[in-house]
Protein chains: 2
Amino acid sequence: MSSRNPKRALFAGLAEIAKALGHGHRLEIVEVLAQGERSVEALAEHVGLSVANASQHLRLMRRIGLLVSRRDGKRILYRPSDPSVLDLTAALRRVGERNAAEVRAVIGGYFRQRDALEPVSRRELARRIKDGLVTVLDVRPTDEFAAGHLPRAINIPLRQLTRRLREIPKSRAIVAYCRGPYCVLAYEAVALLRRRGFKARRLEDGFPEWRAACLPVEGGG
Amino acid sequence: MSSRNPKRALFAGLAEIAKALGHGHRLEIVEVLAQGERSVEALAEHVGLSVANASQHLRLMRRIGLLVSRRDGKRILYRPSDPSVLDLTAALRRVGERNAAEVRAVIGGYFRQRDALEPVSRRELARRIKDGLVTVLDVRPTDEFAAGHLPRAINIPLRQLTRRLREIPKSRAIVAYCRGPYCVLAYEAVALLRRRGFKARRLEDGFPEWRAACLPVEGGG
DNA sequence: CAATCATTCAACAGAATTATTGAATGATGG
DNA sequence: CCATCATTCAATAATTCTGTTGAATGATTG
């Protein structure tokens, strides 16, 4: 039986990790942090939590080892501890896509119909950026753009897109991107641009995946 | 704000999946099921739960979509719904290896020191099996062996190994395997065999990974 | 060195999860 | 068509998790 106790401890430890992701708010926090490190207050606002509550969630995930933090001036910035954490959330999304009927309904009903066009692959976009053949449009909020973005990308947050359309050359192809495969910003931007006659497509996934693929990045700390 | 509600629903749905793995017993159940389908009663006994309790855990994971079940005679057999579920548990293990101090301690203290020798890779073992140069030893319990095993493998459960040593030719190299990277059976078998003068090594990972790699398998339903 | 302020802590009530018990279900197999 | 029996359901108590409130911490920054 001595060979079973450490096994139990192992499963219990791994279960702690899964449990730490087993909460909508925490999962959302991790996705935001996949974009780059954030302060407690910024996260609280983004996810819609009180600061104290966000702090508790963050503390829990730090204790488990999913996140690490560092001080920058008065703020404490959190980030994922390791790329394997993002692999884990990616695996979770894949299971969700295939298995969870609930999630399937959301994805199928909400995301699919927005843009039937094939997204542009990262490799293809990297090549077209190098050739200068494309306008890269980052529709995330300004602070996320500042924390890191694709080379030569211009930043127009989705909410400002309608009134800033003149900043975008109409003659060139546009590739829009945002936070990741489940972020709606780029979908909506592409839909809007196409209605206005722009040649817009969407990048597959988003900024974190671009960086994870070791493709060039500008800006950030 | 209408773009946030489905997002919340998505994260909530994914969190349900993570929560379903956020329990040591459920995680252990999934690992057992990675070996092949099992009845409720068999799982309950294996994990050390009452049948009713095991049934509840199974029902939960089936509801979430991690498991599916089918009837076979009087029994109901459960299995993982999809390979992506095993990918998810693998990602969980990787995070655990790198991040969770608790788990690191267990792995480092318990598993590492057992067999400093390099394990035999699947590819290498597949080749040596084909050449007939090696004794393949399956040290899992008999029922798990019956549900599927490596070609030409002989089955001696770890507990019987000491008294059945004479069944193993001492002249040939032995490769032992068990359930997977965190199963201790093969580690202990190799340690025991080496003390008795056998040339024993361990297969990397275990049976589920062998099957997942689409390498030949014997037995099972 | 002292004021500031982002973050964390502590304590609580409400909600959710877990394991147990014993009964109910319902398909099998004769 | 009925007895069997593996599985599921229902109800309960114990435990754990969540979010709120308000106070405490403690490093920064002037």
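In what follows, chains carry the letters A, B, and so on, assigned in the order in which the sequence lines appear, proteins first and then strands, with residues in each chain numbered from 1. Values reported hereafter were calculated over all heavy atoms of this structure, with side chains retained and with hydrogens, waters and symmetry mates removed.
Using cut-offs of 30° and 60° on the angle between ring planes, the pair B/H25 and B/H57 is perpendicular.
DNA chain C is contacted by both B/G73 and A/E41; A/E41 maps to the nucleotide lying nearer its 5′ end (nearest heavy atom per residue). Mapped onto DNA chain D by nearest heavy atom, A/H25 and B/A42 fall at different nucleotides, with B/A42 at the one closer to the 5' end.
To the nearest angstrom, P of C/dA19 lies 10 Å from CD1 of B/I29. Counting to the nearest Å, the P atom of D/dT18 and the CG atom of A/L49 are 12 Å from each other. Rounding to whole angstrom units, CZ of residue B/R71 and P of C/dT25 are separated by 16 Å. Rounded to a whole Å, the CD atom of B/E37 is 12 Å from the P atom of D/dT7. When the P atom of C/dT7 is taken as reference, atom CG of A/L60 falls 18 Å away, rounded to whole Å. Atom-to-atom, CG of B/N53 to C1' of D/dT8 comes out at 13 Å; the value is rounded to the nearest Å. The distance between atom CD of B/Q56 and atom C1' of C/dT18, rounded to the nearest whole Å, is 8 Å. Atom CG in A/L77 sits roughly 13 Å away from atom P in D/dT28 (whole-Å rounding).
Of the listed nucleotides (D/dT28, D/dT7, C/dT21), C/dT21 has the atom at the smallest distance from the side chain of B/A52. Checking C/dT21, D/dT8, C/dT8 against the side-chain heavy atoms of B/S50 singles out C/dT21 as nearest. Of the candidates D/dG19, D/dT8, C/dT7, C/dT7 carries the atom nearest the A/V51 side chain, counting heavy atoms from C-beta on. Closest to the A/H23 side chain, of the nucleotides D/dG19, C/dT7, C/dT18, is D/dG19. In the set C/dT7, D/dT7, C/dT21, D/dT7 carries the atom at the smallest distance from any side-chain atom of B/S39.
Distances shown here put every side-chain N or O of B/Y78 at or beyond 4.0 Å from the OP1 or OP2 atom of D/dA6. OP1 or OP2 of C/dT4 has not a single side-chain nitrogen or oxygen of A/K74 nearer than 4.0 Å. Dashed line: the shortest gap from a side-chain N or O of B/H57 to OP1 or OP2 of C/dA19 is under 4.0 Å. An OP1 or OP2 oxygen of C/dC9 is reached within less than 4.0 angstrom by a side-chain nitrogen or oxygen of A/R59. Side-chain nitrogen and oxygen atoms of B/S55 include at least one within less than 4.0 Å of the OP1 or OP2 phosphate oxygen of D/dT8.
Evaluated for a side chain to side chain contact (heavy atoms under 4.5 Å, CB included) with A/S39, the options A/I76, A/V51, A/L77, A/D72 yield exactly one hit, A/L77. Put simply, the residue from B/R62, B/R38, B/R70, B/E37 that forms a side-chain hydrogen bond (donor to acceptor under 3.5 Å, both in side chains) with B/Y78 is B/R62.
Counted by atom type alone, B/H46 and B/E144 present one or more donor-acceptor pairs between their side chains at under 3.5 Å.
B/L14 approaches A/G96 most closely through the heavy-atom pair CD2-CA, 3.9 Å.
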